[in-house]
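The figures that follow rest on heavy atoms only: side chains count, while hydrogens, waters and symmetry mates do not. Quick note on labels: first sequence line is chain A, next is B, and so on, each numbered from 1.
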Amino acid sequence: MKKGDHLFLVDGSGYIFRAYHALPPLTRKSDGLPVGAVSGFCNMLWKLMKDARNTDVGVVPTHFAVIFDYSSKTFRNELYAEYKANRSAPPEDLIPQFGLIRQATRAFELPCIEMEGFEADDLIATYAKLACEAGADTTIVSSDKDLMQLVGPTVSMYDPMKDRQINIPEVIEKWGVPPEKMVDLQALTGDSVDNVPGIPGIGPKTAAQLLEMFGDLDTLLERASEIKQDKRRETIIANADKARISRELVRLKNDVAVPEPLDDLVLHPANGPKLIGYLKAMEFTSLTRRVAEATGTEASEIEPATITVQRVEDAHGPDVGAGADSTSPSRGGRAAGAGGVVDDGSDPTPALRADPPLKGEGKAGFTPSALAQSRADAAASSKIDRSAYATIRDLATLQAWLAEAREAGIVAFRTETTSLDPMQAELVGFSLAIRPGRAAYVPLSHRSSAVDLLGGGRAPDQLSFDEAFPLLAPLLSDPSVLKVGQSTKYDWLLMHRLGVDIAPFDDTMLMSYVADAGTGGHGIDALAERWLGHAVIPFKDVVGSGKSVVSFDLVDIERATTYSTEGADLALRLWQVLKPRLVANSLMSVYERLEKPLVPVLARMEERGVSVDRQMLSRLSGELAQRAAALEDEVYQLAGEKFTIGSPKQLGDILFGRMGLPGGTKTKSGQWSTTAQVLEELATEGYELPRKIVDWRQLTKLKSTYTDALPGYIHPETKRVHTSYAMAATSTGRLSSNEPNLQNIPIRTAEGRKVRTAFIAQPGNKLISADYSQIELRILAHVADIPQLKAAFANGDDIHAITASEMFGVPVEGMPREVRSRAKAINFGIVYGISAFGLANQLSIPREEAGAYIKRYFERFPGIRDYMDRTKAFCRDTGYVETIFGRRAHYPEIRASNPSIRANSERAAINAPIQGSAADIIRRAMARMEGALVEAGLPDVRMLLQVHDELVFEAAAEDVEAAMPVIVRVMEDAAMPAVALSVPLKVDARAADNWDEAH
DNA sequence: AGGTTGACATA
DNA sequence: GTATGTCAACCTT
């Protein structure tokens with residue numbers, strides 16, 4: 001090898017992993033052999049061998065080798081036994097590809113180099129050094145940071161997936177240090193993937209800063225006592241040895257006795273027939289064709305080569321380690337919050353719900369708070385013994401447990417099913433817990449798992465659904481037995497589908513939500529951790545994750561017993577803790593009136609679903625695709641190059657970097673901001689491209705989120721879309737909707753509204769949409785007691801116009817649109833806990849001007865400023881704010897010393913009582929709606945959707961006229977009698993064939 | 001494959 | 001300035 005030669009070293013092992021995850025999965029047509037990474041690898045090699053000049057490398061290789069890791073054990077394990085100890089097994093469909101890629105390398109007639117005891121990186125380092133000594137240049141084909149230490153004047157790296165060369169400046173840009181300091185930097189930061197320890201708490205940013213200050217690692221460790229930050233200084237001194245070991249682990253060995261001499265790596269012309277034989281065997285048709293053309297070979301005359309597919313256990317690949325570490329998906333949501341008193345109607349709490357004293361708990365001398373405290377203490381200190389759980393496999397035992405539950409009057413109930421979606425789920429088994437530690441699982445339809453080659457056979461020794469359910473059902477609806485559950489809506493809906501309504505019940509997720517909204521999650525995992533100091537078995541540990549997930553009926557019964565009974569046991573214990581907390585904080589009425597009644601109501605709404613016109617969405621999708629494609633061309637034209645328009649990073653670089661457009665601002669991660677607001681401004685200044693991007697984004701957003709995704713949610717049997725409402729997800733008391741989210745269906749633009757027209761009524765029916773008008777401003781007028789606003793609402797005046805008139809002294813008659821819309825923005829701002837910064841942003845005016853508006857507003861409506869000050873003070877004192885119905889929302893960070901965090905909490909605390917009161921009102925309306933419709937002789941009018949201030953119904957055309965006034969009345973009167981609002985509520989209702997026209 | 005970010009849909 | 005959920009791109013396992 002000589003000066004002017006150019007050596008390419010491909011990091012084969014690194015490429016395999018990256019290609020596997022970055023490229024779409026691909027399987028060989030004839031037999032389904034996974035070959036995605038192999039295909040990417042072959043295309044990359046061919047490109048580099050034939051066409052490297054036209055890549056970002058820009059030079060032609062003279063020497064070429066592909067380097068692999070030999071096995072997981074290397075000399076580094078001698079240095080540090082834990083090195084790469086936490087590696088987990090490669091994915092199953094990647095394993096056969098390791099061998100295929102080595103075969104591919106040979107088919108390309110390229111040296112395929114690996115060596116026991118060394119990593120590919122060490123061999124690469126050695127060859128790069130040898131080439132350098134011979135005066136030649138080297139390109140390392142990899143983007144692995146571990147190789148960046150090798151970059152220098154004659155050595156560069158090349159990322160083939162991004163077609164990007166990495167030289168000294170790129171390393172500095174990415175890591176803040178030049179390549180020769182990469183070893184020191186990695187020694188400081190460590191590497192969690194390879195289990196290199198580093199120094200805890202030091203990341204790349206800090207490491208670069210330290211190296212900038214001290215020059216190198218040795219100096220840093222020597223003079224560590226000079227570091228100013230106390231904590232940092234101490235950890236560095238304490239972990240100096242770890243850093244030194246880490247340095248040895250990350251430093252690559254460049255004097256390995258390599259198996260092939262450098263000169264043997266010389267690149268030969270491709271052996272067309274051999275390569276084509278391999279490619280044909282892999283069924284890579286387009287690459288076969290390209291290779292045939294380039295090498296002048298007649299592909300049809302060549303037989304496919306024989307390919308050996310390695311068996312899994314033979315695979316060389318990175319180590320097969322252990323360690324599933326996962327968190328459980330919790331059915332509950334998360335929230336924030338705190339309360340008051342609702343008192344109206346009859347008390348729905350039966351006497352049995354009274355909290356009976358537990359064994360050993362004195363009957364006298366307990367105040368509610370003391371009881372709550374003693375329960376919490378007891379729960380936290382009692383142990384959870386998984387070995388005590390039982391599996392029920394025969395009818396006599398089941399009957400005995402059911403009798404015991406009846407006797408106790410309370411039972412925790414939990415279902416296990418085949419799906420997280422209650423509309424798709426099939427019951428697999430259920431658990432009962434009668435008192436802490438006394439719990440059992442009843443398997444019903446477990447199948448023997450994959451060990452059985454026939455698969456899917458019924459597991460032995462379990463009751464059948466037909467045997468067990470007739471015994472279970474009466475218990476679930478037994479009025480004298482309280483059923484305790486976690487996220488009961490799921491179980492309620494599931495059981496409703498099977499023909500039983502669960503009643504009475506308590507829901508620990510909702511109890512926690514009412515007691516502690518704002519202080520953390522309300523899933524069983526979070527609650528068990530918080531109240532019982534217990535870590536639940538993660539759901540993932542039971543059913544697996546990713547590709548290896550199995551349906552719950554394939555989980556073996558012993559494992560299922562442990563998992564499921566623990567869930568029921570925990571729910572029961574949580575109930576014992578949370579129930580007295582609600583009582584102690586006067587939150588029972590919030591729970592009983594605003595949460596529990598909604599469980600069956602929402603379950604029925606979810607079960608009903610809504611009709612969506614698949615054809616209409618499909619047509620719209622095609623239209624959007626065409627228009628987006630046209631825009632794409634124009635964008636490339638204007639930009640002068642092709643790029644991924646959907647990548648804000650690439651877009652920002654083109655707009656503000658290469659094209660040098662003015663007015664760029666950075667996001668908090670340092671990228672150019674390309675929000676619609678920024679692009680709109682550029683468009684106003686006459687640039688063409690930003691406008692196109694905004695349009696393109698709108699079209700692709702509509703396409704991907706709505707026209708393309710929604711049809712996938714159409715239930716195969718009902719042919720309707722069934723959303724799911726999260727009851728404990730928000731800090732304010734609002735619901736949220738997911739899978740799909742039907743609370744954000746477009747409405748603002750003409751294009752978007754077309755999506756809305758696809759939500760339709762069944763033939764012969766209409767959709768009725770009823771929504772509260774200005775409900776949040778009305779609540780603000782009430783709680784802040786603002787005479788002008790209350791009068792305006794009482795008179796039915798235009799509230800934004802009145803506001804503008806008060807503020808600017810302009811008469812309402814003939815008021816310019818612009819003036820009114822400014823007042824409207826201010827009104828919204830007030831509800832959101834206004835800041836001059838935010839209002840300025842919204843109106844695109846200077847902050848000073850926005851500040852002046854706010855000042856004027858407070859002068860005209862001093863009650864609002866009083867209300868805001870009172871609310872903040874209350875929250876600072878108590879840690880929470882409350883709605884007019886006593887629901888609490890906790891904002892502990894309102895006491896933060898960081899002014900920005902504190903200000904954020906203050907705005908949230910101002911908004912929560914308003915948003916939350918509105919949420920409470922519509923909850924009350926929903927709880928009463930079905931009864932009111934039945935009473936009005938309209939039992940077939942179905943409530944389908946809730947969108948915060950709107951309810952959507954479906955009704956037979958002939959019922960519409962009668963239904964609308966009932967709906968409107970229930971909604972307008974929803975606050976009464978618990979709260980007599982000093983402002984009327986107004987509801988507008990309309991009916992039509994689709995949601996767009998009804999709204 | 002999971003997690004994060006930026007963008008954007010709604011009230 | 002409030003409250004959400006979803007998607008594509010991107011980074012790292």
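Side-chain nitrogen and oxygen atoms of R748(A) include at least one within less than 4.0 Å of the OP1 or OP2 phosphate oxygen of dT10(B). Taking side-chain N and O atoms only, T705(A) has no distance below 4.0 Å to OP1 or OP2 of dT6(C). The phosphate of dG6(B) has neither OP1 nor OP2 within less than 4.0 Å of any side-chain N or O from S673(A).
Of the candidate nucleotides dA3(C), dA8(C), dA7(B), dA7(B) has the atom nearest to the side chain of T675(A). Of the candidates dT10(B), dC7(C), dT2(C), the closest approach to any side-chain atom of A709(A) belongs to dC7(C). Closest contact between the side chain of H948(A) and the listed nucleotides dA11(B), dA7(B), dA3(C) involves dA11(B). Closest approach to the R697(A) side chain among dT10(B), dC8(B), dT2(C) is made by dC8(B) (side chain taken as heavy atoms from C-beta onward). Listed nucleotides: dA3(C), dT4(C), dT10(B). Nearest to the side chain of S736(A): dT4(C).
Here F828(A) lies out of heavy-atom contact (under 4.0 Å) with every strand. Within 4.0 Å (heavy atoms only), E739(A) reaches sugar-phosphate atoms of the nucleic acid but no base atom. Residue R907(A) is classed as a sugar-phosphate contact, given heavy-atom separations below 4.0 Å to backbone atoms only. Nucleic acid contact class of N741(A) (heavy atoms, under 4.0 Å, all strands): sugar-phosphate only. As judged by a 4.0 angstrom heavy-atom cut-off over every strand, T700(A) is placed among residues making no nucleic acid contact. When heavy atoms are screened at a 4.0 angstrom cut-off, V947(A) is found touching the sugar-phosphate backbone but no base atom. Residue contacts for G646(A): at a heavy-atom cut-off of 4.0 Å it reaches the sugar-phosphate backbone alone, with no base atom in range. Across all strands, A840(A) comes closer than 4.0 Å to no nucleic acid atom at all (heavy-atom distances). Note on I830(A): nothing from the nucleic acid sits closer than 4.0 angstrom, heavy atoms only. Residue contacts shown for A676(A) are limited to sugar-phosphate atoms, with no base heavy atom under 4.0 Å away. Residue L702(A) is classed as having no contact, given no heavy-atom separation below 4.0 Å to the nucleic acid. A918(A) comes within 4.0 angstrom of no nucleic acid atom, judged by non-hydrogen atoms across all strands.
Residue M161(A) contributes atom CE, which lies 14 Å from atom C1' of dA9(C) at whole-angstrom precision. For the pair D93(A) CG and dA1(B) C1', the interatomic distance rounds to 11 Å; values are reported in whole Å. Atom CD1 of I914(A) and atom P of dA11(B) are 18 Å apart (whole Å). Following rounding to the nearest Å, R753(A) (CZ) and dA9(B) (C1') show an atom-to-atom distance of 15 Å. Note: CD1 (I745(A)) to P (dC8(B)) measures 18 Å, nearest angstrom. Taking atom CD1 on I693(A) and atom P on dA7(B), their separation rounds to 12 Å, with Å as the unit. If you take CG of D949(A) and P of dT4(C), they are 16 Å apart, rounded to a whole angstrom. Between the CG atom of L679(A) and the C1' atom of dA7(B) there is a distance of 10 Å, given to the nearest Å.
Legend: residues meeting side chain to side chain contact (heavy atoms under 4.5 Å, CB included) with D708(A), ordered by chain and number and at least two apart, are S621(A), K703(A). Remark: Q677(A) pairs with T675(A), E681(A), N841(A), S844(A) by the side chain to side chain contact (heavy atoms under 4.5 Å, CB included) rule, at least two apart or across chains.
The two residues R753(A) and I747(A) come nearest to each other via the heavy atoms CG-O, 3.2 Å. Nearest heavy-atom pair, M509(A) versus H522(A), reported as atom, atom and distance to 0.1 Å: CG-O, 3.5 Å. The shortest heavy-atom contact between L767(A) and F759(A) is CD1-O, 3.5 Å.
Residue Q915(A) places a side-chain atom within donor-acceptor reach of the base of dT2(C), judged by atom type and a 3.5 Å distance cut-off alone.
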Grab the N/O contacts between the protein and nucleotides 10-13 of chain C below 3.5 Å, and write none if there aren't any.
unit_1, atom_1, unit_2, atom_2, d
dC10(C), OP1, S647(A), OG, 2.6
dC10(C), OP1, Q650(A), NE2, 3.1
dC11(C), OP2, K162(A), NZ, 2.8
dT13(C), N3, H21(A), ND1, 3.0
dT13(C), N3, H21(A), NE2, 3.4
dT13(C), O4, H21(A), ND1, 2.1

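More than 12 heavy-atom neighbours from other residues, nucleotides or ligands sit within 6.0 angstrom of CZ on R870(A).
Taking 4.0 Å as the cut-off between side-chain N and carboxylate O, E595(A) and R923(A) count as a salt-bridged pair. Residues D695(A) and R691(A) are paired through a salt bridge, judged by an N-O separation under 4.0 Å between the basic side chain and the carboxylate.
Checked against the 6.0 Å centroid criterion, the rings of Y853(A) and Y857(A) do not qualify as a close aromatic pair.
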